[in-house]
Amino acid sequence: MSAPSRREFFSTVGISSLAGLGWPAHAIGWAEPPEQYLFKPGLLYFNTGSIGPCSRKVIEATIRAWYELESEPLSMTYGKEGTTLAAAEAVRTKAARFLGCSADEIAITRSTTDGINAIAESLNLRAGQRVLTTDQEHEGGSMAWQYLAKRRGVLIDTIKIAPADLDASAIVQRFAAAITGDTAVVSVSHILSSTGLRMPIPEISALARSRGVLCVVDGAQAAGGVQVDVKALGSDAYATSGHKWLMAPKGTGILYISSNAAERIAPMQFDDGRSFYNHSTGVGNIPGAVGLGVAIDTLQELGMENVERHNLALRNRLHDALVQRRAGMVVSAPPGPLATPLLTLMLPEAISIQELANALSDNHSVIVKTVPKRWLNGIRLSTHVFNTEQQVDALVNALEVELAKARSS
Ligand SMILES: Cc1ncc(COP(=O)(O)O)c(C=O)c1O
C-alpha cells in the first residue's frame, strides 16, 4: 500500500486529535521526513530563526529552474509565457495567498532587510519627523531608520521591552504614550528576535492608524513558522525573509504593501509595477524565486495551521522541560497566546554563551543561536517542521550536560 499523502494523513488523524501535546510532534516529521533535508547525519538543528534549511524538493526545483534558464538565457530571463521568468512571476500570487492579500500588494525582495530598506527609503521623511520602534529590533528592521536619522535628521524614539516582559497591553500603552504629533512611522517586529514574544500587532496597527501614523512590521521571525494574515494584522507594510521559516533559497524575501498605503509607501524599485521583473526592478534571482514558490507550496500543503501547532507543541515541550529542570531563566512566554516557535533561555553572566553553543555543537551536534549581548546572556531555540519530540528531548539532555560542566568550571 502506498503511503498516504500529507492531506490524507491529516484528514485521517483529524484536526482535534492534533491539538496540543496530544498530537504526536513527529507527525509533520513523518509527513515531511528528515531525509527531505540535507542535514548531515545526527545534526539537531534548532536555529531556523537565523537561517532555515531548504528541502530537497526546493533545492531540486531551484536547480531545475536554473538549468532551464541557462538553456536559453535571453528568452528565459526576459520572455513571458512558458518561461522561467513566468514561473518566477507566479510566486507573487502564491505569496499573496499565503499571507492573505492580493498579488498587487506583493513584491519579491532579497530579504527582510531589503524590504524594510525599500519602505524607509520611499517615505521621504523630513528632518524632525519621528520613527517609533522598540529596543528589541533586529538590525534588519532598524538600520534603515538609523540611516535616515544619520543622513536626514529623522528622530528615533524607542520603547523598552524587558526580556521577561509579557504584558502585551502595557506594551501597546507604551506605544500610545510615545506617539507624538511628529511621529510618522511605527516600526516593530511581529515576533521579537530576542525572546520570541508575539507582539500585539493588530492593536499596534490600529493605534497607529488612529493617529495617522504608518505601521511597518518586520515579519522575519513569523512567516512560515506561524500563520500570518497581513489583513488581520492590519499593518501598512510587512517584510519577511524567504530563507528563515519559509525554508526557501537564501537571498529571497517577500514585501507586502497594503493597497491603502501604496501612495505613501512607494519604493523606487517598484515604480514600474510590483512584477518580479520590470524596468524599475531589473533582473532578479529567477531560480531563487521559483524555489520560494515551491517552499510556499510545501507549507501550504502541510497546512500552516498544522505547522504552527506542531512548532508550538515542540516549543511548549521545550519550555516545560527547561522550566522543570531549572536550566536557566526561560524569558519567553509560557504556552499561550504570546508564545511562538522561538524560545530564549537566559543564563548567568558567568556562563559564556559562545562556549556553551560551541560545546553543544561539538559534543552533541546541537545547533542553537547565541542571543546578541545587547539583549541578554542567553541562547535562542527554534522549532520547525523537521524537528521532533525526540530531538527536543535530546536538546534538553545535551543542555543539562553542558550547563553542568559550565557551572562546575
Ligand atoms: C526580526 C528580524 N528582522 C530581520 C532579520 C534579518 O533578516 P534578513 O537577513 O532576511 O534581512 C532578522 C534575522 O535574524 C530578524 O530576526
Side-chain angles (χ1 to χ4, degrees), residues 45-54 95 99 106-121 131 133-147 158-159 161 163 171 185-201 204 215-226 228 230 233 235 237-256 267 269 284-285 288-289 291-292 295-296 311 331-332 338 340-344 357 367-376 378-384:
Y45 194 70
F46 289 98
N47 198 2
T48 302
S50 290
I51 205 83
C54 283
L99 297 178
I106 291 288
I108 301 304
T109 60
R110 287 188 300 111
S111 60
T112 298
T113 309
D114 196 24
I116 301 278
N117 288 354
I119 295 166
E121 177 62 21
V131 175
T133 185
T134 81
D135 63 351
Q136 300 295 301
E137 302 307 313
H138 186 277
E139 287 82 350
S142 65
M143 289 296 282
W145 309 119
Q146 285 168 28
Y147 175 96
T158 307
I159 69 153
I161 302 177
I171 291 173
V185 181
V186 166
S187 179
V188 61
S189 292
H190 185 181
I191 291 179
L192 295 183
S193 196
S194 51
T195 62
L197 181 70
R198 194 187 295 249
M199 291 288 281
I201 299 297
I204 293 171
C215 180
V216 172
V217 174
D218 172 344
Q221 295 299 344
V226 297
V228 174
V230 288
L233 291 172
S235 64
Y238 191 97
T240 193
S241 313
H243 39 243
K244 294 181 188 285
W245 297 88
L246 287 166
M247 299 182 289
K250 281 68 191 164
T252 56
I254 303 171
L255 172 61
Y256 157 79
Q269 54 272 57
N285 176 358
L292 173 60
I296 292 172
N311 294 352
V331 290
S332 304
L338 301 179
T340 68
L342 280 180
L343 185 115
T344 297
I367 307 299
V368 304
K369 156 93 176 156
T370 56
V371 177
K373 273 280 187 188
R374 68 176 185 283
W375 286 325
L376 53 92
I379 56 170
R380 188 190 71 191
L381 310 161
S382 315
T383 49
H384 208 354

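Residue indices begin at 1 and follow the sequence shown. Read the numbers this way: they start at 1 and go in the same order the structure lists the ligands and their atoms.
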List ligand 1 atoms under 4.0 Å from [X], heavy atoms only on the residue side.
X	answer
His243	8 (P), 9 (O), 10 (O)
Ser241	7 (O), 8 (P), 10 (O)
Thr113	6 (C), 8 (P), 11 (O)
Gly49	14 (O)
Gln221	14 (O), 15 (C), 16 (O)

Report yes or no: do [X] and [Y] form a side-chain donor-acceptor pair below 3.5 Å?
X	Y	value
Ser241	Thr112	yes
Arg380	Thr195	no
Ser50	Asn47	yes
Glu137	Thr134	yes

Would you say [X] and ligand 1 have an N/O pair spaced under 3.5 Å apart?
X	answer
Asp114	no
Lys244	yes
Asp218	yes

Discussion item. Any non-hydrogen side-chain atom of His190 less than 4.5 Å from a side-chain atom of Asp218?
Written reply: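 No - every pair of side-chain heavy atoms lies 4.5 Å or more apart.
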Discussion item. Below 4.0 Å, non-hydrogen atoms only: which portion of Ala220 touches ligand 1? Side chain, backbone, both or neither.
Written reply: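 Within the 4.0 Å criterion, Ala220 contacts ligand 1 through side-chain atoms alone.
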Practice prompt. Provide the closest heavy-atom pair for Asn311 versus Pro341 in the form atom of the first, atom of the second, distance.
Written response: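 Minimum heavy-atom separation between Asn311 and Pro341: CB-CG, 3.6 Å.
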Worksheet item: Where do Thr340 and Gln221 land on the side chain to side chain contact (heavy atoms under 4.5 Å, CB included) test, with the steps shown first?
Response: CA-CA 9 Å; Thr340 68; Gln221 295 299 344; over 6 Å; no
Item to complete: Tell me which protein heavy atom sits closest to atom 5 (C) of ligand 1, plus the residue, atom name and distance to 0.1 Å.
Response: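 The answer is His138 ND1, 3.3 Å.
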